[in-house]
K.L.:
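This is the structure I want to talk about, given as structure tokens.
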2 protein chains.
Amino acid sequence: MGNKKVQKLPSIRRMPTYLHKLKQMRKNGLDTVSTTIMARYMNLEPIVIRKDLELTGVTGQPGVGYKIDELIDAIKSFLNWHNTAEAVLIGAGSLGRALLGYEGFEDYGLNIIAAFDADPSKIGAEINEREVFDINRLPEMTTRLQVNMGILCVPNEFAQEAADMMVEGGINAIWNFTNVSLDVPDHVVVQREVIASGLAVLSVKLNQQMLTD
Amino acid sequence: MGNKKVQKLPSIRRMPTYLHKLKQMRKNGLDTVSTTIMARYMNLEPIVIRKDLELTGVTGQPGVGYKIDELIDAIKSFLNWHNTAEAVLIGAGSLGRALLGYEGFEDYGLNIIAAFDADPSKIGAEINEREVFDINRLPEMTTRLQVNMGILCVPNEFAQEAADMMVEGGINAIWNFTNVSLDVPDHVVVQREVIASGLAVLSVKLNQQMLTD
């Protein structure tokens with residue numbers, strides 16, 4: 001991975017927050033937004049906002065700011081969120097259930113259509129209108145339904161096995177909530193999600209705050 | 001916020017993952033680890049690994065690598081995770097319940113000691129051995145218990161009100177899972193957690209993969 005890509009990561013991570021705010025503003029009848037207002041909402045310097053939004057190909061007009069409709073469109077294109085992506089979720093434990101219950105994903109073009117688990121007591125259950133299927137049916141079902149995204153929430157020890165089944169079922173994007181570095185073919189992209197990452201940032205901020213107080 | 005700080009963010013976010021892997025290695029009887037092995041696990045270039053770990057003040061020895069014990073210690077100091085931090089959680093909805101059920105926080109020195117909610121049907125319940133209290137008791141209880149971290153999982157429309165109560169109760173670090181930009185005094189640090197951030201990164205990766213295939 002090149003250094004340039006790495007430095008873009010925080011900008012990409014901020015895109016859903018821009019999108020959320022812009023949609024809210026549009027709902028409130030606004031047409032344009034200034035960098036200053038966005039900077040205040042994001043709690044970042046205006047220069048960071050400008051650089052982030054430049055990634056989408058849109059530049060603000062001096063004295064006017066950004067056209068909200070145009071910016072929403074550009075961010076969605078940048079993220080390829082114009083088309084709804086269908087995903088399956090593997091592992092209906094406490095985190096998996098929370099993700100199935102999360103209403104916000106639709107705003108981001110993500111539709112979780114089914115869940116899979118190995119636990120007979122979970123198979124057949126319905127969580128927020130999505131059925132939990134036997135994990136052994138995963139490869140056949142994702143192939144047939146042409147789903148290409150999988151959300152991995154199984155315990156660490158089953159992560160690689162579950163990933164193998166996803167790959168077998170034609171999934172080429174894995175959102176990995178386990179702590180395992182998955183071994184997958186080159187054409188499969190993986191994004192590892194570490195819930196404690198934010199906690200680390202908060203701890204460092206608090207530490208710095210206490211040092212400067 | 002300075003630009004330098006912003007660029008360090010991805011490094012800080014990766015610290016819990018380093019910590020997890022190092023602890024696992026120590027459990028397996030290893031004493032040292034090379035940059036190359038860490039780079040493979042993290043799926044990053046060795047130079048990124050070296051720069052990340054430099055932040056903790058530890059440098060690897062040529063031909064030997066990093067001493068695992070020393071590195072674990074240094075990362076914990078960097079994050080101020082040597083002492084367990086006690087936190088309360090506000091909003092026992094689906095995400096809040098998932099966080100209460102998550103066993104991994106203890107590894108990161110976080111102990112959620114109680115939850116708060118406004119919903120009478122939730123007050124008095126016990127989730128993973130933590131009681132759910134009436135949110136009106138929050139300021140008094142966090143003051144008495146000297147808790148200084150709060151995890152905010154309420155619906156957006158109640159976010160500011162809940163944050164005000166936390167500040168009143170002496171909390172100075174808020175892990176904010178809502179979409180609201182909180183208005184808090186200068187001495188309070190806030191880390192906003194956007195679950196869709198990782199999805200944005202995954203989408204961009206998948207997009208780039210499809211463009212280069």
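Lettering follows sequence order; numbering is per chain, from 1.
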K.L.:
From B:L110 CG over to A:L202 CG, what is the distance, rounded to the nearest 0.5 angstrom?
P.N.:
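It comes to 9.0 Å.
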K.L.:
Do B:R13 and A:V194 have side chains that approach each other closer than 4.5 Å (heavy atoms only, starting at C-beta)?
P.N.:
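No, every pair of side-chain atoms sits at 4.5 Å or beyond.
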K.L.:
Count the heavy-atom pairs under 4.5 Å between each of B:V190, B:L95, B:V180, B:I47 and chain A, then report the option with the highest count.
P.N.:
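Result: the option with the highest number of such pairs is B:V190.
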K.L.:
Mind ranking B:S203, B:G198, B:G109, B:A85 by heavy-atom pairs under 4.5 Å with chain A and telling me who comes out on top?
P.N.:
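Among the listed options, the one with the most contacts to chain A is B:G198.
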K.L.:
Does A:D186, at its CG atom, have more than 12 non-hydrogen atoms belonging to other residues, nucleotides or ligands within less than 6.0 Å?
P.N.:
no
K.L.:
Under a 4.5 Å cutoff for heavy-atom pairs, which residue among B:R40, B:M42, B:R192 has the most contacts with chain A?
P.N.:
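The answer is B:R192.
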K.L.:
Within the supplied structure, the quantity of interest is the number of heavy atoms (other residues, nucleotides, ligands) at a distance under 6.0 Å from A:Q146 CD; does it exceed 12?
P.N.:
no
K.L.:
I'd like to check B:F78 versus A:N207 (side-chain heavy atoms, cut-off strictly below 4.5 Å). Are they in contact?
P.N.:
no
K.L.:
Walk me through it: do B:L9 and A:L9 pass the test side-chain contact (heavy atoms from CB on, under 4.5 Å)?
P.N.:
CA-CA 10 Å; B:L9 262 182; A:L9 263 180; over 6 Å; no
K.L.:
Other residues, nucleotides and ligands only: do more than 12 of their heavy atoms fall within 6.0 Å of CD on A:E161?
P.N.:
no
K.L.:
Would you mind telling me which of B:A200, B:A173, B:A98 has the largest number of heavy-atom pairs within less than 4.5 Å of chain A?
P.N.:
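The residue among B:A200, B:A173, B:A98 with the greatest pair count is B:A200.
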K.L.:
Counting only heavy atoms closer than 4.5 Å, note whether B:L99 contacts chain A via side chain, backbone, both or neither.
P.N.:
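It is the side chain, since no backbone atom gets that close.
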K.L.:
Find out whether A:M149 and B:L199 are in side-chain contact, i.e. whether some heavy atom of one side chain is under 4.5 Å from a heavy atom of the other.
P.N.:
yes
K.L.:
So how far is it from B:N80 CG to A:Q208 CD, rounded to the nearest 0.5 Å?
P.N.:
11.5 Å
K.L.:
Heavy-atom distance under 4.5 Å between the side chains of A:H20 and B:N156, does that happen here?
P.N.:
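Counting from C-beta outward, A:H20 and B:N156 do come under 4.5 Å.
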K.L.:
In Å, rounded to the nearest 0.5 Å, how long is the span from OG1 of B:T17 to CD of A:E193?
P.N.:
10.0 Å
K.L.:
Mind ranking B:N179, B:V204, B:V201 by heavy-atom pairs under 4.5 Å with chain A and telling me who comes out on top?
P.N.:
B:N179
K.L.:
Can you find a pair of side-chain heavy atoms, one from A:R97 and one from B:R97, that are under 4.5 Å apart?
P.N.:
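No, their side chains stay 4.5 Å or more apart.
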K.L.:
Highest number of heavy-atom pairs under 4.5 Å with chain B: which of A:Y108, A:F105, A:Y41?
P.N.:
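Of the candidates given, the most pairs with chain B belong to A:Y41.
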K.L.:
Non-hydrogen atoms of chain A under 4.5 Å away: do they reach the side chain of B:F177, the backbone, both or neither?
P.N.:
side chain
